[in-house]
2 protein chains.
Amino acid sequence: MQSISEQCAREVLEVVPLVMRVIRSQFRKYGAPELSVPQFRTLHFLSQHRGASLSEVAEYIGLMLPSMSALIDGLVTRNFAVRRTSPNDRRRMTLTLTERGQATLRSARKATQTYLAEELNRLTQADRATIIKAMQALRPIFTEKAT
Amino acid sequence: MQSISEQCAREVLEVVPLVMRVIRSQFRKYGAPELSVPQFRTLHFLSQHRGASLSEVAEYIGLMLPSMSALIDGLVTRNFAVRRTSPNDRRRMTLTLTERGQATLRSARKATQTYLAEELNRLTQADRATIIKAMQALRPIFTEKAT
DNA sequence: TATTGTTATACTCTATAACTATA
DNA sequence: TATAGTTATAGAGTATAACAATA
């Protein structure tokens with residue numbers, strides 16, 4: 001039935017931005033106030049793609065190379081990431097997180113997750129189970145498009 | 001059981017940003033490429049709060065007054081919104097959407113919703129029902145915090 | 001020549017400080 | 001005096017164009 005898809009889409013379109021707004025504000029508050037959102041996303045990407053090149057990160061984040069170069073400068077200067085020239089191809093940059101970068105990512109994530117867990121605790125057990133199932137259904141659809 | 005809340009929080013924290021990313025890119029692509037995200041959120045707020053003042057919008061969007069004043073300038077110049085001095089209190093600005101502003105909001109919303117519905121159509125009917133229930137459970141928790 | 005990244009420069013968005021108009 | 005908003009100005013973050021180094 002098409003109309004169920006429509007209703008489902010409408011709900012997702014209304015509720016997901018609300019949830020995202022809270023996630024974002026928590027991230028800022030307890031996570032890493034000294035990092036911009038794109039910088040934070042970059043840390044996240046690098047944590048899952050050790051040694052990625054500047055171009056690869058830029059494509060994922062959606063920035064042009066000069067902008068990403070500047071963004072990485074900021075991370076390197078403040079010791080969140082390390083930038084080395086690749087031994088294989090000396091044009092490429094090899095980007096990795098420092099221990100500080102990893103720790104920042106972990107703690108921001110943990111703080112937000114704890115906050116969410118407290119909020120979700122106000123629901124019934126059945127509702128939480130439903131939410132878990134819903135997220136598991138949504139994940140594969142939206143994972144493809146997010147690289 | 002606390003651990004179910006934890007698991008639920010983890011799922012939400014991983015999946016919601018993925019969905020949001022797709023929503024945002026669709027909004028940009030088919031909705032209103034000529035509007036920034038804060039401008040778009042402003043249209044949305046004004047559609048639900050006709051005649052809001054500059055201060056009210058600024059607080060909701062999270063901008064300082066001069067920044068919001070400039071943002072509104074952009075909307076007014078391009079005929080998305082109208083700014084009048086309030087008759088009651090001539091210090092206040094009364095902000096409303098133009099027909100163009102309303103139409104832009106509707107069409108962006110519709111385009112995104114249609115896209116989402118197509119994607120959700122790939123799931124089973126049961127999954128879609130689960131998602132609807134999950135969104136309905138999440139909505140009240142996160143609505144409070146989003147004004 | 002083609003690819004990877006940086007430097008130079010300009011524009012947009014945001015903030016703080018100072019100001020104007022109204023209450 | 002206090003409040004609502006604007007103007008002046010400066011700092012981030014982003015883009016395009018031109019360049020340097022490597023393949």
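The two residues B:Ala52 and B:Glu56 make their nearest non-hydrogen contact at CA-OE1, 3.2 Å.
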Kindly list each side-chain donor-acceptor pair under 3.5 angstrom involving residues 10-20 of chain A, sequence neighbours excluded, with atom names and distances?
residue : atom : partner  : partner atom : Å
A:Glu11 : OE1  : B:Arg139 : NH2          : 3.2
A:Glu14 : OE1  : B:Arg139 : NH1          : 3.1
A:Glu14 : OE1  : B:Arg139 : NH2          : 2.6
A:Glu14 : OE2  : B:Arg109 : NH2          : 3.1

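Taking the side chain to side chain contact (heavy atoms under 4.5 Å, CB included) definition, one finds that A:Asp89 meets it with A:Arg91, A:Arg92, sequence neighbours left out. In this structure, B:Thr77 has no side chain to side chain contact (heavy atoms under 4.5 Å, CB included) partners at least two apart in sequence or on a different chain. Residues passing the side chain to side chain donor-acceptor pair (under 3.5 Å) test with A:Glu99, sequence neighbours excluded: A:Arg106.
Regarding A:Ile72, its CD1 atom lies at a distance of 16 Å from the P atom of C:dT4, rounded to whole Å. Following rounding to the nearest Å, A:Leu54 (CG) and C:dT3 (P) show an atom-to-atom distance of 17 Å. In this structure, the CZ atom of B:Arg84 is 15 Å from the P atom of D:dG5, given to the nearest Å.
Proximity of B:Arg83 to the phosphate of D:dT6: a side-chain N or O atom is located under 4.0 Å from OP1 or OP2. Dashed line: the shortest gap from a side-chain N or O of A:Ser69 to OP1 or OP2 of C:dT6 is under 4.0 Å.
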Could you run down the sub-3.5 Å N/O contacts of the protein with nucleotides 21-23 of chain D?
residue : atom : partner : partner atom : Å
D:dT22  : OP1  : A:Arg90 : NH2          : 3.0
D:dA23  : OP1  : A:Arg90 : N            : 3.0

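Shown here is A:Gln102, whose CD atom has more than 12 heavy atoms of other residues, nucleotides or ligands within 6.0 Å. Within 6.0 Å of CZ in A:Arg84 there are 12 or fewer heavy atoms belonging to other residues, nucleotides or ligands.
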Item to complete: Using a 4.0 Å heavy-atom cut-off, write out nucleotides 9-17 of chain D from 5' to 3' as B (base contacted by protein), S (sugar-phosphate only) or - (no contact).
Response: ----SSBBB

Fill in: Step-by-step salt bridge (Lys or Arg N to Asp or Glu O under 4.0 Å) determination, A:Asp73 to A:Arg83
CA-CA 9 Å; A:Asp73 271 347; A:Arg83 172 174 44 191; 2.6 Å; yes

